[in-house]
Amino acid sequence: MILNVINIGDRIELKDKVVREDRKQNVYLSQLYDVDEDSGVLKMAMPIKEGRLVPLAVGTRYEAYFNTKTGFYNCTVRVTDRIKYNNLFILIVEMENDLQRYQRRQYYRIDVSVPFVINNVTETEYEAYIKEGREIIVDPDEEYKATTVDISGGGIRFLSKNELEKGTKILMKINLDIAQKTKTFIIAGEILACERLANRKDTYQHRAQFAKVSKEQQEDIIKFIFEEERKRMKKERG
């Protein structure tokens, strides 16, 4: 039974089923409103992307990924209708196959500005942390400030006045508000890219990959992302 796997209120990602070679795959966030067990028809929130309601076209097909209490599941869905009920814009979709457990390897990324701090670490410290789980001890006096541009369960893009070369190893300390509580994440990472902002000569934008992130940390970051999107959807709908 469908409701043995997914539940009302579960967060959903919808990804384009068919993507043209010259375009990127769109990813939309939604939330499950209702399930018809017999027909496999689902009602979900009309997605919002970059602060705007996205009325997905009837007949289009998407890969749906459900974030449930027991893990991630996915199936293919087809949009069959769009309705408005009690000031809610609702997407009606039909499941085209059974739900399958999904081992999540890619993570949805959300644009969000959160201040945090960074310490540089040595290659030796980094390798000991990765291979042996040895704690990295840093000097608070040597930390410097940064601000996220976006974040996912696998990495981060951020701004800093410090220029960090590709391959630099860092330790990040960032606070995220999840389920009305503030959680502190201390995560090691490696700089993948760095570029100076054209309109702010003293500021650099970096991309970093998280290293040895626990499953719990990844799940918490994903929860943060969905909660942020839900807040934006609620604000957008008034």
Does a sphere of radius 6.0 Å around [atom1] in [X] hold more than 12 heavy atoms from other residues, nucleotides or ligands, not counting ones at 6.0 Å or beyond?
| X | atom1 | value |
| --- | --- | --- |
| Q209 | CD | no |
| K212 | NZ | yes |
| D202 | CG | yes |

Ignoring hydrogens and angles, tell me if any N or O in the side chain of [X] forms a donor-acceptor pair with the backbone of [Y] under 3.5 Å.
| X | Y | value |
| --- | --- | --- |
| T148 | V114 | yes |
| Q31 | G9 | yes |
| D139 | D141 | yes |
| R200 | A198 | no |
| N97 | C75 | no |
| T68 | I6 | no |
| S30 | P47 | no |

ask   = Looking at E94 and R78, does any basic side-chain N land under 4.0 Å from a carboxylate oxygen?
value = yes

Nearest heavy-atom neighbours spanning [X] and [Y]:
| X | Y | result |
| --- | --- | --- |
| N74 | E63 | ND2-OE1, 3.2 Å |
| L91 | L56 | CD2-CD1, 3.8 Å |
| F185 | Q217 | CE2-O, 3.8 Å |
| I151 | F224 | CG2-CE2, 4.3 Å |
| P55 | R82 | O-NH1, 2.9 Å |
| E227 | I178 | OE1-CA, 3.6 Å |

Can you say whether the rings of F116 and F158 are parallel (under 30°), tilted (30 to 60°) or perpendicular (over 60°)?
perpendicular

Under 4.5 Å between any side-chain heavy atoms of [X] and [Y], yes or no?
| X | Y | value |
| --- | --- | --- |
| Y33 | L88 | yes |
| F226 | I110 | no |
| D16 | Y62 | yes |
| E219 | F72 | yes |

Report task. Assess the side chains of R134 and Y129: does a donor N or O sit below 3.5 Å from an acceptor N or O? Result -> no

Can you get from [X] to [Y] by hopping between Ile, Leu, Val, Met, Phe, Trp and Tyr side chains that sit under 4.5 Å apart?
| X | Y | answer |
| --- | --- | --- |
| Y204 | I174 | no |
| M46 | L32 | yes |
| I130 | I156 | no |
| V138 | I191 | no |
| I12 | I8 | yes |

Q: Take L14 and V77 through the test side chain to side chain contact (heavy atoms under 4.5 Å, CB included) and record every step on the way to the result.
A: CA-CA 9 Å; L14 296 173; V77 300; 4.2 Å; yes

### Task
Show your working on side chain to side chain contact (heavy atoms under 4.5 Å, CB included) between K183 and L176 and close with a plain yes or no.
CA-CA 5 Å; K183 288 194 174 184; L176 299 177; 5.6 Å; no

Trace of the side chain to side chain contact (heavy atoms under 4.5 Å, CB included) decision for I92 with V41
CA-CA 7 Å; I92 299 178; V41 170; 3.5 Å; yes

Euclidean distance, [Y] [atom2] relative to [X] [atom1], rounded to 0.5 Å:
| X | Y | atom1 | atom2 | answer |
| --- | --- | --- | --- | --- |
| H206 | L159 | NE2 | CG | 9.0 Å |
| K166 | C194 | NZ | SG | 12.0 Å |
| D111 | R157 | CG | CZ | 6.5 Å |
| E190 | K169 | CD | NZ | 4.0 Å |
| L29 | Y65 | CG | OH | 13.5 Å |
| I118 | I187 | CD1 | CD1 | 12.0 Å |

(message) Given the ring of Y144, does K161 sit roughly above its face, with NZ or CZ under 6.0 Å from the centre of the six-membered ring and within 45° of the axis?
(response) no

Exercise. Are D98 and Q100 close enough, and set up right, to give a side chain to side chain contact (heavy atoms under 4.5 Å, CB included), and what steps lead you there?
Worked result: CA-CA 6 Å; D98 292 335; Q100 301 291 329; 4.2 Å; yes

